[in-house]
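Heavy atoms only: backbone and side chains are in, while hydrogens, waters and symmetry mates are out.
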Amino acid sequence: MKQKIINALTKDVGLKILAVVFSFLLWLVVVNIDDPTQTRTFTAVVTVTNADVLKEAGKLYEIKDGVNTVSFRVTAKRSIIEKLSPSDFSATADMNSLENEERIPVTIAAKSYANYITISSKQNYLYVVLEDEQTERFVIEAQTTGTIEAGLTVDSVTSSPTVITVTGPEDVVSTIDKVVASANITGVTSNFTESVIPKFYDSEGEEVDSKELTLSVSTVSVSVTFSNIKTVDLVVKTSGTLDSSLTLDSIKTDPSSVGIKGEATALNDVTSITIPDTVINLSDLTGSFTTTVDISSYLPEGITLADGSSSKVTIYVLMSGETASTAEVSADNISLTNIPEGLAVSLDVSSVTVNVFGTSDALSALNASSIKGTIDCTNLTVGESQTVVVQFENIEGVTIQNTSVTVTVIEDTSAATEDSEE
């Protein structure tokens with residue numbers, strides 16, 4: 001029996017071996033027909049490593065044209081390759097391998113089926129542009145946007161922090177002219193604080209893209225406080241008695257009213273701002289008169305002027321039949337008299353604006369070149385911007401108000417030079 005088995009195994013050995021080889025080849029054909037080898041192209045996002053080596057050298061990098069992906073070919077059995085996706089591969093560019101300051105070799109590695117796939121040996125590169133790094137500090141300008149509610153005014157706008165440090169490419173940082181943090185006040189009626197993202201602007205007012213910038217803070221707290229406001233009239237009190245030869249026509253102010261701000265309880269008690277009678281003494285007047293006063297000291301406690309309201313108010317005291325105007329008098333028409341010996345005096349301006357009063361016809365006919373003035377220099381000493389009064393000569397039908405100007409007084413060296421030459 002044993003011999004029969006041996007004879008059966010050894011009989012036609014060549015044919016049997018040939019059958020085995022054929023069967024193997026047939027299996028390979030079947031396998032390759034059913035699960036053939038395929039090649040596909042994948043695209044992966046490149047991760048840059050060791051970028052800090054550039055920062056230490058005071059450099060930054062930007063991916064050229066924004067292309068931070070590479071494509072590569074992968075070969076594997078169809079059963080394997082159909083399971084693969086871009087997430088199964090890593091693409092790494094090591095900044096330590098930077099070539100010619102413009103490209104970095106990219107290493108492709110498989111995260112899955114590494115032993116069953118072949119990645120193309122073609123070398124891929126990530127192309128970069130190097131830039132110098134710059135760091136600057138900017139004071140933050142706190143502002144408001146939007147529409148304020150009626151009866152309110154913004155009292156103060158502050159930011160925290162007040163300074164921001166900006167680091168980024170030199171060609172970007174160098175264009176920054178100011179940093180602004182704005183809070184929207186539309187619909188807001190009480191003090192508030194909110195966090196806002198600062199914005200950067202160049203000298204032309206155009207916004208600077210901050211995506212490449214590193215900031216010491218990402219948001220800024222902007223605090224806004226409000227005050228209540230109202231508009232009140234200006235009232236002028238007078239003292240003394242007007243000369244019997246004059247008839248008072250009107251006393252007016254410019255502006256006629258001002259805006260004030262403060263707590264609502266304080267504003268409720270204020271109906272007008274009074275300019276006291278110490279400013280206008282009728283007994284001293286010889287005709288129409290104009291003066292300018294600062295009303296800051298006349299405001300009630302707890303009240304201040306609203307933004308946009310000037311503290312300077314001009315008072316016009318007009319006699320019957322007269323109107324007020326101004327004239328531009330050349331400095332050449334102003335004489336300097338009684339100059340102390342050894343001193344030289346000069347006006348600091350080329351012309352002086354003066355108030356003139358009279359009938360409409362008289363003022364229409366007035367020629368500024370005919371107005372003459374005099375400055376008495378008796379008490380002047382050496383110094384710049386000394387205030388003096390110009391005394392003007394009235395012209396028939398026109399009253400010209402004296403006015404203050406500034407002069408510069410220096411030692412007159414020309415006189416000493418002439419004496420030495422003699």
Side-chain angles (χ1 to χ4, degrees), residues 236 238-254 275 277-294 312-412 414-415:
V236 180
T238 62
S239 61
T241 303
L242 191 64
D243 188 278
S244 59
S245 64
L246 300 174
T247 301
L248 182 64
D249 179 66
S250 64
I251 299 178
K252 299 178 180 179
T253 63
D254 183 20
I275 298 173
D277 59 10
T278 54
V279 175
I280 303 295
N281 188 336
L282 298 178
S283 301
D284 298 333
L285 300 185
T286 58
S288 297
F289 173 75
T290 296
T291 188
T292 300
V293 296
D294 189 327
K312 302 295 183 181
V313 173
T314 302
I315 304 173
Y316 295 92
V317 181
L318 297 178
M319 300 304 154
S320 179
E322 292 188 339
T323 59
S325 184
T326 59
E328 200 74 16
V329 179
S330 171
D332 294 336
N333 285 17
I334 299 174
S335 301
L336 301 170
T337 63
N338 301 320
I339 299 175
E341 185 177 354
L343 298 182
V345 182
S346 61
L347 277 172
D348 291 345
V349 292
S350 60
S351 63
V352 178
T353 301
V354 297
N355 296 308
V356 293
F357 307 94
T359 64
S360 297
D361 291 341
L363 294 182
S364 297
L366 178 64
N367 187 341
S369 63
S370 64
I371 299 176
K372 306 295 182 182
T374 303
I375 297 175
D376 185 353
C377 303
T378 302
N379 298 317
L380 294 181
T381 57
V382 174
E384 296 181 355
S385 299
Q386 299 185 59
T387 301
V388 294
V389 175
V390 183
Q391 302 281 341
F392 288 101
E393 302 171 8
N394 289 331
I395 298 175
E396 185 177 356
V398 177
T399 300
I400 304 169
Q401 183 173 312
N402 298 334
T403 190
S404 296
V405 295
T406 60
V407 295
T408 295
V409 183
I410 61 174
E411 293 182 1
D412 187 3
S414 62

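Looking at Val352 and Asn333, their side chains never come closer than 4.5 Å, going by heavy atoms from C-beta outward. Asp294 places a side-chain heavy atom less than 4.5 Å from the side chain of Lys312.
For Ser245, the side chain to side chain donor-acceptor pair (under 3.5 Å) partners are Asp243, not counting sequence neighbours. Annotation: side chain to side chain contact (heavy atoms under 4.5 Å, CB included) contacts of Asn281 (sequence neighbours excluded): Ser239, Ser283, Asp284. With sequence neighbours excluded, the residues forming a side chain to side chain contact (heavy atoms under 4.5 Å, CB included) with Asp332 are Ser330, listed by chain and number. Not a single side chain to side chain contact (heavy atoms under 4.5 Å, CB included) links Ala365 to another residue, sequence neighbours left out.
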Extract all donor-acceptor atom pairs below 3.5 Å that involve side chains of residues 313-326 and protein atoms in other chains or at least two apart in sequence.
| unit_1 | atom_1 | unit_2 | atom_2 | d |
| --- | --- | --- | --- | --- |
| Thr314 | OG1 | Thr292 | OG1 | 3.4 |
| Glu322 | OE1 | Ser288 | OG | 2.2 |
| Thr323 | OG1 | Gly358 | O | 3.3 |

Would you give me the side-chain donor-acceptor pairs under 3.5 Å for residues 246-253, sequence neighbours excluded?
| unit_1 | atom_1 | unit_2 | atom_2 | d |
| --- | --- | --- | --- | --- |
| Thr253 | OG1 | Pro255 | O | 2.8 |

Could you go through residues 370-384 and list every donor-acceptor pair under 3.5 Å that involves a side-chain atom there, pairing it with any protein atom two or more places apart or in another chain?
| unit_1 | atom_1 | unit_2 | atom_2 | d |
| --- | --- | --- | --- | --- |
| Ser370 | OG | Asn367 | O | 2.5 |
| Asp376 | OD1 | Asn338 | ND2 | 3.1 |
| Asp376 | OD1 | Thr378 | N | 3.1 |
| Asp376 | OD1 | Thr378 | OG1 | 2.5 |

Using a 3.5 Å cut-off and no angle test, enumerate the donor-acceptor pairs between side-chain atoms of residues 391-398 and protein atoms at least two apart in sequence or in another chain.
| unit_1 | atom_1 | unit_2 | atom_2 | d |
| --- | --- | --- | --- | --- |
| Gln391 | OE1 | Asn402 | ND2 | 2.7 |
| Asn394 | OD1 | Ile400 | N | 2.8 |

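The CD1 atom of Ile280 sits 8.0 Å away from the CD1 atom of Ile275 when rounded to the nearest 0.5 Å. Distance CD/Gln386 to OG1/Thr408: 8.0 Å, rounded to 0.5 Å.
The side chain to side chain donor-acceptor pair (under 3.5 Å) pairs that include a residue from residues 353-366 are Glu328-Thr353, where partners are two or more places apart or lie in different chains.
Listed here is the closest heavy atom pair of Phe357 and Phe289: CZ-C, 3.6 Å.
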